[in-house]
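Numbers for residues simply follow the sequence, beginning at 1. Scope of the values below: all heavy atoms of this structure, side chains included, with no hydrogens, waters or symmetry mates.
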Amino acid sequence: MNNKQRGGVARCLKCGNLEVASGKAKALARWERLRQYVRAGCHRLLIPPEEYFRTLADMDEVMYRMDTRERTFYEKQGRFRKPKGLNRETSKLSSKSLSIGNLRSGDNCLNGDSVSNQDVPPLPVIPDMSPTPTKKDYVEDYDYDANEDVKLEDVKTFVTPRRKTTKTADVYLLACKRCKVTALSNYTRQLQVPTTTSIDLANNLITASDMKAIAVSLVRDKRIVSLDLSNNKLGPLGVMYISEMLVRNNTLIELNLSETFPGPEGLEVLAEALQHNGSIRTLKLQGNNIEHTEVETIVRMLQSVRLRELYLGHNSLGYQGFSALASAIERNTTLRTLDLQWNHIRRDSAKQVCKAIAVNKGLHTINLAWNGLGKEGCIALCRSLPKNVTLQDIDLNSNRIDTTSLRFLLHGLVHNTCLKCVRIGRNPLTTDGAKAILRALQSSTKPVIEDLILEDVSVDEEFVTLLTKLQETKKMKIVHGEILSSGMNIKERKHDPHDLNRFDPVLVLVEYMRIDNLRLIDFFQYLDTTNREQLSRTDFRDGVANLRIPLTEHHLDIVMQTLDLKRDGYVDLEEFMTVQREVQRQITNRTTRARRRTGKDDEGLVGLRKILKELIEKRNKENKEKATARRFSLAWSSAVRQASNARRFSDPVVSMSHDQQEKKSPIHLLQQLMKNNIAGSTDTIPEEEIA
């Protein structure tokens, strides 16, 4: 065997022995061992797949690095915790040993420059997986031994079985066993689908220890391109595990770490790992409480990584953070989508971002919603939008843009030639601002805007007319808020002389009792229909309706809130009397002050009393008409009954004269009853007749 040729790995399927050899010396020993296996009857030899052994080697190495990083992370926090990984005894490591530059995929152990051989024990020897030497090499380097029981050609002609690719699910289960964690059924279920290319683990309560096994399983995965870990409290340590995986994995394209709270330590390691990863194009870091002190790490990501989409919404970057980020946006040419919503962008920081838009030559979409651009930001956009030639979608929802700031923004929009979608809803634009936007777009020929979103901005009929004319000349889709009726179409509301909305409802009840000559106890008993000596809200509603007092449900709520002094949901007689005395005292004071000032009674009380008198008179009149109608109905039924009884018990043989028959007719009886009962006679209709 030549010096350049190396040995391999062989396993006996009968006894399970495994031989590892590398180099010329070990190759000779390996073949000698194979002869012994053949003599012993172990004639079925299998060469394990190289991919499997490389995966195990990578797993050991990555887990060793994760254990080392975990130990260092806890030592920096002043506490010690033994990592759940390989049972290796590692001593204290310096910060240089965790440099991502020493963790590239080609390294099989830590560099000696970072960690001395005395501090860190060396990694175990990784088997060499070079192809098995060919038959020609065997013939040149080995001679046939005639004394052998088995010819050497039998060994040389052995055919290696077809190699199999190791599945990610199998590696994950093995990693869970080594990390001593429970496998996630959701993750394994998604891995077992042959066609899946994205893993969704959002809202799965994943911890850092669970993340360690997931990261190990994805080190050599060539299928998953999207990984969603949002809303899982991974912490800095969990993000460090993901960073170790990204050093070797070059398949992932989209990574979602929103609401994982990596902290400064996790972001630092992630930025270093992305420098050695050439596949990540979409990175989401929303809702991670990133402050201005951590923006330098984000800037390094933009400078060294070819990101296409970066989501930084719902953070607290602040003015200093945006100043550093704006300079990075100016020089970046690969970023296509940038999300900066909910980041406290105000005045000066808004100027910095808007100036960066003018210089940038790669952005297609930018989201500045739920910030505070205001007038200063609109002036900066007025100067930046005409210079930008790539921006196609801008979101300015909820940015304190009023009609004054809108004038500057419109100047920039009408001179821009690339914007296709503008979102400017949820701003205090009013209907005049919405109509000003349509007039500006109608008069200019440069804008190519296709979608205009005016969400929650109310418009009028004039706006609808302008929109119709605009859509006749330009193909544009506009979303707006509610359509308000114009002033000409509003129906005039008739004046109600009996409207009591401007008066205190308790005052109305007290004055009503005084004008109607009702004692408080009589009024209370009239409302208390259930005789439980307590009044509920339902009792007040029914009693007020019977008395024809026009009080609304809101007035009844005020009455209950004022009278219910004990706050138990009911009003008793004592509470009612207490409030009545207080209201009468207020009425006396108002009358006294009005007479001293003008010499007359209080105008409000006079108007209230006039309304209540009219209501009482109207009520009495309606009650009198109803009583008359009821007496007439009872008289008619009684007359009909008496006439029928007279015919029933009369003698059929004796004939009556015409006058007698007329007196017995129902009409004659009814006239007599009406004269006696309705005209004021003391004679009443018998009770048995009424029944």
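- Ring geometry, Trp342 versus His314: the interplanar angle falls under 30°, so the pair is classed parallel (tilted spans 30 to 60°).
- Sparse packing is recorded around CZ of Arg630, with 12 or fewer heavy atoms of other residues, nucleotides or ligands lying under 6.0 Å away.
- Residues Thr562 and Val579 approach most closely at O-CG2, 3.8 Å, considering heavy atoms.
- Under a 3.5 Å cut-off, the side chain of Asp522 and the backbone N or O of Leu518 do not form any donor-acceptor pair.
- Between the His411 side chain and the Arg407 main chain, no donor and acceptor come within less than 3.5 Å of each other.
- His292 places none of its side-chain heavy atoms less than 4.5 Å from the side chain of Leu317.
- Residue-environment remark: CD (Glu582) exceeds the threshold of 12 foreign heavy atoms within 6.0 Å.
- In terms of modelled atom types and a separation under 3.5 Å, the side chain of Asn367 and the main chain of Ala369 share a donor-acceptor contact.
- Between Asp601 and Arg595 there is a salt bridge, since a side-chain N of the basic residue sits under 4.0 Å from a carboxylate O of the acidic one.
- Between the side chain of Asn371 and the backbone N or O of Leu373, no donor-acceptor pair lies under 3.5 Å.
- No side-chain N or O of Asp395 forms a donor-acceptor pair with one of Gln341 less than 3.5 Å apart.
- Shown here for Val353 and Leu368, the closest heavy-atom pair between the two residues is CG1-CD2, 4.1 Å.
- For the pair Asp572 (side chain) and Gln534 (backbone), a donor-acceptor distance under 3.5 Å is absent.
- Ion pair Arg423/Asp393 flagged as a salt bridge, since at least one NZ, NE, NH1 or NH2 atom sits closer than 4.0 Å to an Asp/Glu carboxylate oxygen.
- Geometrically, Lys435 does not engage Phe463 in a cation-pi contact, judged by NZ or CZ lying under 6.0 Å from the ring centre and within 45° of the ring axis.
- Judged purely by atom type and a 3.5 angstrom limit, Asp557 has no side-chain atom pairing as donor or acceptor with the backbone of His555.
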Problem - Steps toward salt bridge (charged side-chain N to carboxylate O under 4.0 Å, His left out) verdict (Asp451, Lys477) - result: CA-CA 5 Å; Asp451 296 328; Lys477 178 183 178 182; 5.7 Å; no
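- A 4.5 Å side-chain heavy-atom check between Ile587 and Glu511 finds at least one atom pair inside the cut-off.
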Exercise for the section: Could you walk me through whether Asp564 and Glu575 pass side-chain contact (heavy atoms from CB on, under 4.5 Å), step by step? Expected result: CA-CA 7 Å; Asp564 188 11; Glu575 293 174 333; 4.0 Å; yes
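- A heavy-atom distance below 4.5 Å is not found between the side chains of Leu338 and Tyr311.
- Residues Met577 and Leu520 have side chains in contact (heavy-atom distance under 4.5 Å, counting atoms from C-beta outward).
- In this structure, Asn256 and Asp200 have side chains that are not in contact, with every pair of non-hydrogen atoms separated by 4.5 Å or more.
- Heavy atoms of other residues, nucleotides or ligands lying less than 6.0 angstrom from CZ of Arg383 number 12 at most.
- What you find for Leu381 and Pro386 is that their closest heavy atoms are O-CD, 4.1 Å.
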Exercise for the section: Please test Arg619 against Glu622 for salt bridge (charged side-chain N to carboxylate O under 4.0 Å, His left out), starting from the C-alpha separation and ending with a verdict. Expected result: CA-CA 5 Å; Arg619 183 204 67 188; Glu622 291 178 355; over 6 Å; no
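- We find that Lys469 and Glu472 are not joined by a salt bridge, their nearest charged nitrogen and carboxylate oxygen being 4.0 Å or further apart.
- Checked by atom type and distance alone, the side chain of Ser444 never pairs as donor or acceptor with a backbone atom of Ala440 at under 3.5 Å.
- Using a 4.5 Å cut-off on side-chain heavy atoms (C-beta onward), Ile401 and Leu429 make contact.
- Side chains of Leu285 and Thr260 form no contact here, defined as non-hydrogen atoms less than 4.5 Å apart.
- Within a 6.0 Å radius of CD in Gln561, no more than 12 heavy atoms belonging to other residues, nucleotides or ligands are found.
- Atom CD of residue Glu482 and atom CG of residue Asp460 lie 12.0 Å apart, to the nearest 0.5 angstrom.
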Exercise for the section: Please lay out, stage by stage, how Leu608 and Leu507 fare under the test side-chain contact (heavy atoms from CB on, under 4.5 Å). Expected result: CA-CA 9 Å; Leu608 174 62; Leu507 176 63; 3.9 Å; yes
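- Using a cutoff of 4.0 Å between basic side-chain nitrogens and carboxylate oxygens, Asp602 and Arg590 are scored as salt-bridged.
- From His364, atom NE2 reaches atom CD1 of Ile366 across 13.0 Å, with rounding to the nearest 0.5 Å.
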Practice task
Take Ile424 and Leu454 through the test side-chain contact (heavy atoms from CB on, under 4.5 Å) and record every step on the way to the result.
Solution key: CA-CA 6 Å; Ile424 195 173; Leu454 297 173; 3.2 Å; yes
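- Remark: Glu553 CD is packed, more than 12 non-hydrogen atoms of other residues, nucleotides or ligands lying under 6.0 Å away.
- For the atom pair SG of Cys354 and CD1 of Ile379, the computed distance is 10.5 Å after rounding to the nearest 0.5 Å.
- Note on Arg400 versus Glu376: no salt bridge recorded, every NZ/NE/NH1/NH2 to OD/OE distance being 4.0 Å or above.
- Between Glu462 and Arg439 a salt bridge is recorded (basic side-chain N to carboxylate O distance below 4.0 Å).
- Under the 3.5 Å distance criterion, the side-chain polar atoms of Asn232 are left unmatched by any main-chain donor or acceptor of Leu234.
- Judged purely by distance below 3.5 Å, without hydrogens or angles, the side chains of Ser230 and Asp228 pair a donor atom with an acceptor atom.
- The main-chain N or O of Ala627 is never found under 3.5 Å from a side-chain atom of Asn623 such that the two would form a donor-acceptor pair.
- The CD1 atom of Ile449 sits 9.0 Å away from atom CD1 of Ile478, with the distance rounded to the nearest 0.5 Å.
- Inter-residue side-chain proximity for Ile345 and Tyr319 is flagged as unmet; no heavy-atom pair is nearer than 4.5 Å.
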Problem - Verdict with reasoning, Asp402 to Lys375, per salt bridge (charged side-chain N to carboxylate O under 4.0 Å, His left out) - result: CA-CA 8 Å; Asp402 53 8; Lys375 182 179 178 181; over 6 Å; no
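- At a threshold of 4.0 Å, the pair Arg532-Asp539 counts as salt-bridged, since one of the basic side-chain nitrogens sits closer than that to a carboxylate oxygen.
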Exercise for the section: Dump the intermediate steps for side-chain hydrogen bond (donor to acceptor under 3.5 Å, both in side chains) on Glu259 and Asn288, then the final yes or no. Expected result: CA-CA 5 Å; Glu259 299 184 15; Asn288 282 314; over 6 Å; no
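- At most 12 heavy atoms of other shown residues, nucleotides or ligands fall within 6.0 angstrom of atom CZ in Arg347.
- Counting heavy atoms of neighbouring residues, nucleotides and ligands inside a 6.0 Å radius, atom CZ of Phe261 exceeds 12 of them.
- Side chain of Asp568 to main chain of Lys566: no donor-acceptor pair is present (N/O by atom type, distance under 3.5 Å, no hydrogens or angles).
- In this model, no donor atom of one side chain and acceptor atom of the other lie less than 3.5 Å apart for Asn416 and Asn388.
- Rounded to the nearest 0.5 Å, atoms CD1 (Ile453) and SG (Cys421) are 5.5 Å apart.
- With rounding to the nearest 0.5 Å, the separation of CG in Leu363 from CG in Leu391 is 6.5 Å.
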